[in-house]
2 protein chains.
Amino acid sequence: MIDPHSGVPRHRQLADELRARVEAGDYAPGALLPSETRLSQECGVGRGTVRRAIGILRSEGLVDVASGRGTRVREAGAPELVKVPRGARVRSRMPTPQERAELDMPEGVPLLLVLYGGKTKRYAADRTELSHS
Amino acid sequence: MIDPHSGVPRHRQLADELRARVEAGDYAPGALLPSETRLSQECGVGRGTVRRAIGILRSEGLVDVASGRGTRVREAGAPELVKVPRGARVRSRMPTPQERAELDMPEGVPLLLVLYGGKTKRYAADRTELSHS
DNA sequence: AAATATTTGTCCGTATGTATC
DNA sequence: CGATACATACGGACAAATATT
């Protein structure tokens, strides 16, 4: 449960708790989490605190939140394999909102950047795996 | 400036505005952004709204917030080059809090995962560039 | 089809604590 | 010490999206 005097902020405690439940399979992929109001009541914290906790899981790419529907554990799809040419460089960073829109990426998912010959190719990291061969 | 009637939430408008200023070099890397109270006054929004906007930039890895000091544009350090063996696979995702601590990563920075021979090596994406040669 | 309930999204105001200058 | 600035947290109020009846 949440301990207000532990020194750890409550929204972090709650995020840790929910993350543990997800990783333990307590909430399966695709399953709905309890509503914000419910979690607020059951955990004895304000709704804003619940939203912050869920915001953390969102930015970690662990859950998907949809207005009016609720919060679901994100399902991991099999990644597409992309071959990278020899000598290419690979980096990673979070996408700009524009890139997110263009590649139709959910929140909390990083970009994979392949730099080669002065050009840069972008891939959504939740759908892509790079291989060099 | 911020238009309360544009349909776009104010904290998003402000985040877009600040991001644009950063990318335009208006706030240089290492420079301090205006304080939350200042932004709040100048933009005519609540301080909570300012904090949410800055929170977005934080999760994008664009700025660093330090208690009592202010909000700074993150400086991009020269990345270390890591060589990747042939046949290895590369993925990327956001780190768990534990991984963040172990690798001493700031917020909003993804992980680079190199999978090779059943093992997985982790790198902080803001300090690492992968190459195969 | 329509009304209602549920759930998330936004915004505000306020209060308290902690770190820095 | 005081002033400034960020961090956390709560509460209330609506709005918007979706689900349900």
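Letters A, B, ... are given to chains in the order of the sequence lines, protein chains preceding strands, and every chain is numbered from 1.
Applying the 6.0 Å contact sphere to CZ of A:Arg38 captures no more than 12 heavy atoms from other residues, nucleotides or ligands.
One interatomic measurement links the two molecules: CD1 of A:Ile54 to P of C:dT8, which rounds to 6 Å at whole-angstrom precision. Rounded to a whole Å, the CZ atom of A:Arg51 is 15 Å from the C1' atom of D:dA9. We find that CD of B:Gln13 is positioned 18 Å from P of C:dG9, with the value rounded to whole Å. We find that CG of A:Asp64 is positioned 11 Å from P of C:dG9, with the value rounded to whole Å. Rounded to whole Å, the distance from CG on A:Leu32 to P on C:dT6 is 15 Å. The interatomic distance linking B:Arg52 (CZ) with C:dT8 (P) rounds to 14 Å, in whole Å. Rounding to whole angstrom units, CG of residue A:Leu14 and P of D:dT8 are separated by 14 Å. Regarding A:Leu33, its CG atom lies at a distance of 9 Å from the P atom of C:dT8, rounded to whole Å.
The 5' end of DNA chain D is approached more closely, in terms of each residue's nearest nucleotide, by A:Pro9 than by the other of A:Pro9 and A:Ala66. When each of A:Gly68 and A:Arg10 is assigned the nucleotide of DNA chain D bearing its nearest heavy atom, the one mapping closer to the 5' terminus is A:Arg10.
Here A:Gly48 lies out of heavy-atom contact (under 4.0 Å) with every strand. Backbone-only contact: B:Arg58 has heavy atoms under 4.0 Å from sugar-phosphate atoms and none from a base.
The base of C:dG9 is not paired with the side chain of B:Arg12 by any donor and acceptor separated by under 3.5 Å.
Listed nucleotides: C:dT10, D:dA9, D:dC6. Nearest to the side chain of B:His11: C:dT10. Nearest nucleotide to the A:Val45 side chain, out of D:dC10, C:dC11, C:dT8: D:dC10. Proximity note for A:Val65 (side chain, C-beta onward) versus C:dG9, D:dA7, C:dT7: the nearest is C:dG9. The side chain of A:Ser67 has D:dA16 as its nearest neighbour among D:dA16, C:dC12, D:dT8.
Exactly one residue among B:Arg12, B:Gln13, B:His11, B:Glu36 makes a side-chain contact (heavy atoms from CB on, under 4.5 Å) with B:Thr49. That residue is B:His11.
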For this session: Check step by step if salt bridge (Lys or Arg N to Asp or Glu O under 4.0 Å) holds for A:Glu60 and A:Arg19.
Result: CA-CA 10 Å; A:Glu60 291 173 358; A:Arg19 191 187 305 105; 3.0 Å; yes

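At the phosphate of C:dT10, neither OP1 nor OP2 sits under 4.0 Å from any side-chain N or O atom of B:Thr49. When the side-chain nitrogen and oxygen atoms of A:Thr71 are compared with OP1 and OP2 of C:dT8, one or more of them lie within a distance under 4.0 Å. Within the structure, every side-chain polar atom (N or O) of A:Arg69 is placed at least 4.0 Å from both OP1 and OP2 of C:dT6.
Scanning both residues, B:Leu111 and B:Ser92, for their nearest heavy atoms gives O-OG, 2.9 Å. The two residues A:Val63 and A:Arg74 make their nearest non-hydrogen contact at O-NH2, 3.6 Å. Here the closest non-hydrogen pair linking B:Arg72 and B:Leu32 is CG-CD2, 3.7 Å.
Base pairing of C:dA1: no nucleotide in any strand meets the Watson-Crick or G-U wobble criterion (both distances under 3.5 Å).
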